[in-house]
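Worksheet for the structure shown next.
Please read these numbers as outputs of a predicted model, since none were measured by experiment.
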Amino acid sequence: MTGPDPHATAPRPCAQAALPPLESPDPWPGYAALLARPGLHYGQAEHTYYAARHSDVHHGLRHPELAVGFPFRATRQLFGPTAIDLDAPGHRPARQRVSRFTTRHMSTWTQTAVIPVIDDLIERAATGTPVDVIKTFAQPLPTRVICRVLGLPDHQWPWIWQQLRPVIGHIADQRTGMQAALASRDILADRLRHAVRTGAPHGSLLQRLCAGDPPDSAVGRRAEPIRTALLLLAAGTETTAAAIGNLLWCLQHHPHTWDEVASGTIPAEAVVTESLRLHPPLHSTVRFARRDLTLGDTAIPKGARVQLLLAAANRDPARIGASPSWNPHRPPQPHHAFGGGPHACVGAQLALTELQFLLTALAQRYVLAGPAHPAANFRAGPFHYPTELPVRLIPRTTPTRQHSIGGTSPP
């Protein structure tokens, strides 16, 4: 979009000194600089207001006049209007259609998807020699789980993961790759349509999404069930893969915590929570001002783009204390790894289940070995996690708990 800056005469928060890059492999200096300043920061080049403080992000996620809907948003262009970028009143019914990820339904997905996939991945994992846990666990686990949830054969996960790469790439950087993303979207949509036409398994989410719709309308390329399933494929893989990679990266830096999980000294839930706070998989989300408003102590004009920096807010000293460093023993505190407000991640409970069960199973069975300070080769952009993470999984002589995690649950 070109033209004059629409905010040229708008009230500006604080100084507009240049920041270190926020969408780089190392965005933390930029976040720290923002947290040290009062109010929001206005990026002249991006025509964007940046919110970093925990309180500003918290209220921004819930502000009724900060909208998610925007016709040129990448997800809208790829999937059409879905729960991720619809505002009231259309948001509630769209969200209800994908409400099968609540705690009430989680036991079904845990027993039919999460536990079997984790057990299979662990059985297949090499031991004693270096293994890249990104390729071994972070990529296949969420992809296979969402395939099972939707009713797709999970042995097709490598093909689905690769087909999603252009889609995720365009969502991460809307300036590039749109044609490739649209082509991959159409290929995936055809695969979903084929699954519906040949009979999605009873009880699967794909079958439930299409229930009650005439067959032809349910499987059209632009049909709502197909668009929603596409969104779930994308949303259910990338962020959870990133969260798994970040969790294992944190534990490679803090091997004593791995041993504490194995011995039951600390619950897996606390470790996962701290990893999500310190290294969330998604670093930011965008809102648009529907009218002139104030966020925190900053005036924001109608039409402005507001970037809510989830990762920065999770390290706000005003909320977390003077030291935001790794401490899984800290008292539980809310974080923004899954967003918040009406558009909080609908699959958060499924992701937490995958993370907690995987950590429990691995820590019970293996000692984690690898470089004391693994290289920080992180992806740049909103999805932030290691590009690779080689470790050695050394089988314990006697597993700390029963070998199978079936029938158990993380603390």
Side-chain angles (χ1 to χ4, degrees), residues 82-84 92-122 137-152 154 157 200-209 211 225 228-229 231-244 246-247 261 266-277 280-282 332 334-364 401-402 404-411:
T82 61
I84 199 171
R92 180 180 291 274
R95 189 178 179 89
Q96 287 175 341
R97 295 185 191 100
V98 290
S99 62
R100 304 289 298 182
F101 298 109
T102 60
T103 303
R104 183 164 62 94
H105 301 288
M106 202 47 54
S107 61
T108 298
W109 306 132
T110 299
Q111 297 299 323
T112 62
V114 177
I115 289 176
V117 171
I118 289 176
D119 276 337
D120 183 62
L121 291 174
I122 288 178
F137 297 109
Q139 293 176 3
L141 174 55
T143 313
R144 290 180 61 180
V145 166
I146 199 63
C147 282
R148 289 191 175 210
V149 168
L150 284 169
L152 301 174
D154 69 327
W157 83 264
H202 180 74
S204 67
L205 190 55
L206 194 55
Q207 182 261 330
R208 292 178 180 275
L209 287 171
T228 300
L231 173 65
L232 292 173
L233 269 180
T237 55
E238 191 69 13
T239 51
T240 305
I244 293 170
N246 291 342
L247 171 65
V261 174
I266 188 172
E269 180 182 5
V271 178
V272 167
T273 298
E274 181 68 352
S275 171
L276 289 169
R277 181 197 66 79
L282 181 66
H335 58 73
H336 296 305
F338 296 113
H343 285 87
C345 176
V346 72
Q349 191 59 49
L350 180 62
L352 287 170
T353 301
E354 294 177 53
L355 288 159
Q356 292 172 27
F357 269 91
L358 178 64
L359 173 56
T360 301
L362 289 174
Q364 286 175 5
R401 299 179 189 175
Q402 65 182 37
S404 174
I405 59 173
T408 69
S409 58

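Annotation: side chain of Thr240 is not in contact with side chain of Leu141 (no heavy-atom distance under 4.5 Å). In this structure, Pro281 and Leu276 have side chains that are in contact, with non-hydrogen atoms separated by less than 4.5 Å. The shortest distance between side-chain heavy atoms of Leu358 and Val114 does not fall below 4.5 Å. Taking 4.5 Å as the limit, every side-chain heavy atom of Arg148 sits out of range of all side-chain heavy atoms of Thr112. Between Thr239 and Phe338, every side-chain heavy-atom pair lies at or beyond the 4.5 Å cut-off.
The structure places CG of Leu362 at 4.5 Å from CD1 of Ile122, a figure rounded to the nearest 0.5 Å. Taking NE2 from His202 and CZ from Arg208, the interatomic distance works out to 6.5 Å, rounded to the nearest 0.5 Å. In this structure, Leu205 CG and Thr108 OG1 are separated by 12.0 Å, a value rounded to the nearest 0.5 Å. In this structure, CD1 on Ile115 lies 12.0 Å from CD on Glu354, to the nearest 0.5 angstrom. If you take CG on Leu121 and CD on Gln139, they are separated by 11.5 Å, rounding to the nearest 0.5 Å. With rounding to the nearest 0.5 angstrom, the OG1 atom of Thr110 is 12.5 Å from the NE2 atom of His105.
Smallest separation of non-hydrogen atoms from Thr82 and Ala94: C-CB, 4.5 Å. Nearest approach of Gly151 to Ser204, heavy atoms of both residues: CA-CB, 3.7 Å. For Pro142 against Ala241, the heavy-atom pair with the smallest separation is CG-N, 3.7 Å. For the residue pair Ile118 and Phe357, the shortest heavy atom distance occurs at CD1-CB, 3.6 Å. The two atoms that bring Arg97 and Leu209 nearest to each other are O-CD2, 3.5 Å, heavy atoms only. Of all non-hydrogen atoms in Leu150 and Leu206, the two that sit nearest each other are O-CB, 2.8 Å.
Side-chain atoms of Gln207 come within 3.5 Å of backbone atoms of Gly203 as a donor-acceptor pair (strictly under, hydrogens ignored). For the pair Ser275 (side chain) and Val271 (backbone), a donor-acceptor distance under 3.5 Å is absent.
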> Passes side-chain contact (heavy atoms from CB on, under 4.5 Å), Arg277 versus Thr273? Steps please.
Replying inline: CA-CA 6 Å; Arg277 181 197 66 79; Thr273 298; 5.6 Å; no
> Do Ile84 and His343 pass the side-chain contact (heavy atoms from CB on, under 4.5 Å) test, and can you show the C-alpha distance, the side-chain angles, and the key distance before you say yes or no?
Replying inline: CA-CA 7 Å; Ile84 199 171; His343 285 87; 5.9 Å; no
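Shown are Leu355, Ile244, Val261; of these, the side chain to side chain contact (heavy atoms under 4.5 Å, CB included) with Val272 is made only by Leu355.
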